[in-house]
Amino acid sequence: MNARIVSKLEKHIEGHIHSGREAGQTLRTGLWNSIDEVNAAISVCCTGISDLQNAIRIAAEYDMPVSVLGGGHDWYRRSVSQEGITLDLRAMQQVSVSLENSALTAAGGAIVKNAIDVLPEGYALVTGVHTQVGLAGLALGGGYGKLNARFGLVADNLRKAEVVLADGSLVTASEKENPDLFWSLKGAGKNFGVLASAEFAIHRLSPVLAAILFIEPEYAQKGLLSLQEILDEAGDKLSIFSTFSTLPGKGVGLILEPLWTGDEATGEEYIRQLSSLPGTSMVKKSWSEYRDIYDSASDDSSWPKGRGYQMDAFNLNRLDEETSGAVIECCLRMPCGQNCIMLHDFRGRAARVATDATAFSHRRDHFNMQIVAGWQTEAEKTQGSQWISEIQNLIEPFSDRSSYPAVVGPDGQERARKFYGESLNKLRVMKKRFDAENRFNAPYGLF
């Protein structure tokens, strides 16, 4: 049957079409977690919206599931359909900026780097912390990042979306047009349609103060406790992204990446407080344009495609004595190799959004803890998987039993459902309305 489907696709698609082993090989080049071979039935390289529409219509005709490859950073590889049609959006990375409307418009396959490269001087775009992640995936999942406290989630900055639905129709979703679909897209949108393009708000922002500080492992828990105290006092203009990982020239330890978006004196004082913590050394500090805090070369070298990866996530209400102790215990058990634990601080403006305003209803102060195990050998894979299993047992008593759905795998589906809270019932209604046949069925724990 696949031969008939490919033949029909070739009549209606401008981009390249692959099937079987060739499809898997093509898609594998776009995946972050790409150490293993990829099984895929059919891949369609979409060159524009018409390709998206025609491919989805044909998938519906043959009752095939559809998945979408954009940035390819989902470690669980939900962007690939083993039995259906995978839409490869890597040729759709166009990005444009309108200063008049304070907006950035990105095609469905654009990654963070594409947006940062065209961001004007004096402006900021809310994104994640890694330049190779897809913008669409960030927005549809919610989007933790360093500007959450100041400007909200990536999803909160989504103004308008062009979406291809399960019947191949193209619709606009915004506060005024298809508002229920727009609500669903903002935090739980990966199972409703294909984001063909999106318009995001950009914000005027003076030079920011960014730093990297390294804390020796024996002082890491004190560092986390102090971090909590500082964030409790700070307003929306300070964020502190934290990782426990290996820093070249320093070794393994706690790495703090504060970002200050306010006045010079206050920002310098916060950096002084952080740099004076026991066991802390300053690695880097500078005032710069917001767009210059990103380093795509470092992202590529630190977390390159071609390795194996596994992730998990938990939400922590506060970094108190017991919780911070549990986090550090997880860190100290980290095996050698390319592994890390990240803590995104979620507070400020993002936490003040009403819980029913978007599908992303987890609107209280918390830390999103994400674990990454990376490997190149089977021994490293075994060690990494065992480490994540240990973390699941260690950290669960200190978490709120929910997890960021964009990160968790099959073991975390129940935690993913709990993450949506009261939004879950409405999401199920919206699913029946916009995708009754479950054409977009990637396992994010919702349906």
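Every value quoted in this text rests on a predicted model; they were computed, and no experiment measured them. Along the sequence shown, residues carry numbers from 1.
Salt-bridge annotation for R318 and D320: absent, with no side-chain N of the basic residue lying under 4.0 Å from a carboxylate O of the acidic one. The existence of a salt bridge linking K237 and D263 is excluded, since no basic side-chain nitrogen approaches an acidic carboxylate oxygen closer than 4.0 Å. Residues D236 and R347 are not paired through a salt bridge, judged by the lack of any N-O separation under 4.0 Å between the basic side chain and the carboxylate. Electrostatic pairing of E396 and R415 does not count as a salt bridge here, judged by no charged N lying under 4.0 Å from a carboxylate O. Under 4.0 Å is where a charged nitrogen must lie from a carboxylate oxygen, and between R352 and D156 no such pair does. Classification of R433 and D180 as a salt-bridged pair holds, one side-chain N sitting under 4.0 Å from a carboxylate O. Ion pairing between a basic and an acidic side chain is recognised when a charged N comes within 4.0 Å of a carboxylate O; E268 and R272 show no such pairing. Salt bridge annotation for D435-R439: absent, with no cationic side-chain nitrogen under 4.0 angstrom from a carboxylate oxygen. Using a 4.0 Å cut-off between a side-chain N of Lys or Arg and a carboxylate O of Asp or Glu, E321 and K222 do not qualify as a salt bridge.
Cation-pi geometry between R349 and F151 is not satisfied (NZ or CZ under 6.0 Å from the ring centre, within 45° of the ring normal).
Between Y309 and W303, the two ring planes are tilted [angle within 30° to 60°]. A tilted orientation is assigned to the rings of H344 and F241, their planes being inclined by 30° to 60°.
The two residues A416 and V408 make their nearest non-hydrogen contact at CB-CG2, 4.0 Å.
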Start with the C-alpha distance between V68 and K190, add both sets of side-chain angles, then the distance that settles side-chain contact (heavy atoms from CB on, under 4.5 Å), and finish with yes or no. CA-CA 9 Å; V68 182; K190 297 182 181 182; over 6 Å; no
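Between Y144 and Y404, the distance separating the two ring centers is shorter than 6.0 angstrom.
Here N339 contributes atom CG and C331 contributes atom SG; the two are 11.0 Å apart, rounded to the nearest 0.5 Å.
When L89, V80, L31 are each tested for a side-chain contact (heavy atoms from CB on, under 4.5 Å) with L69, only one passes: L31.
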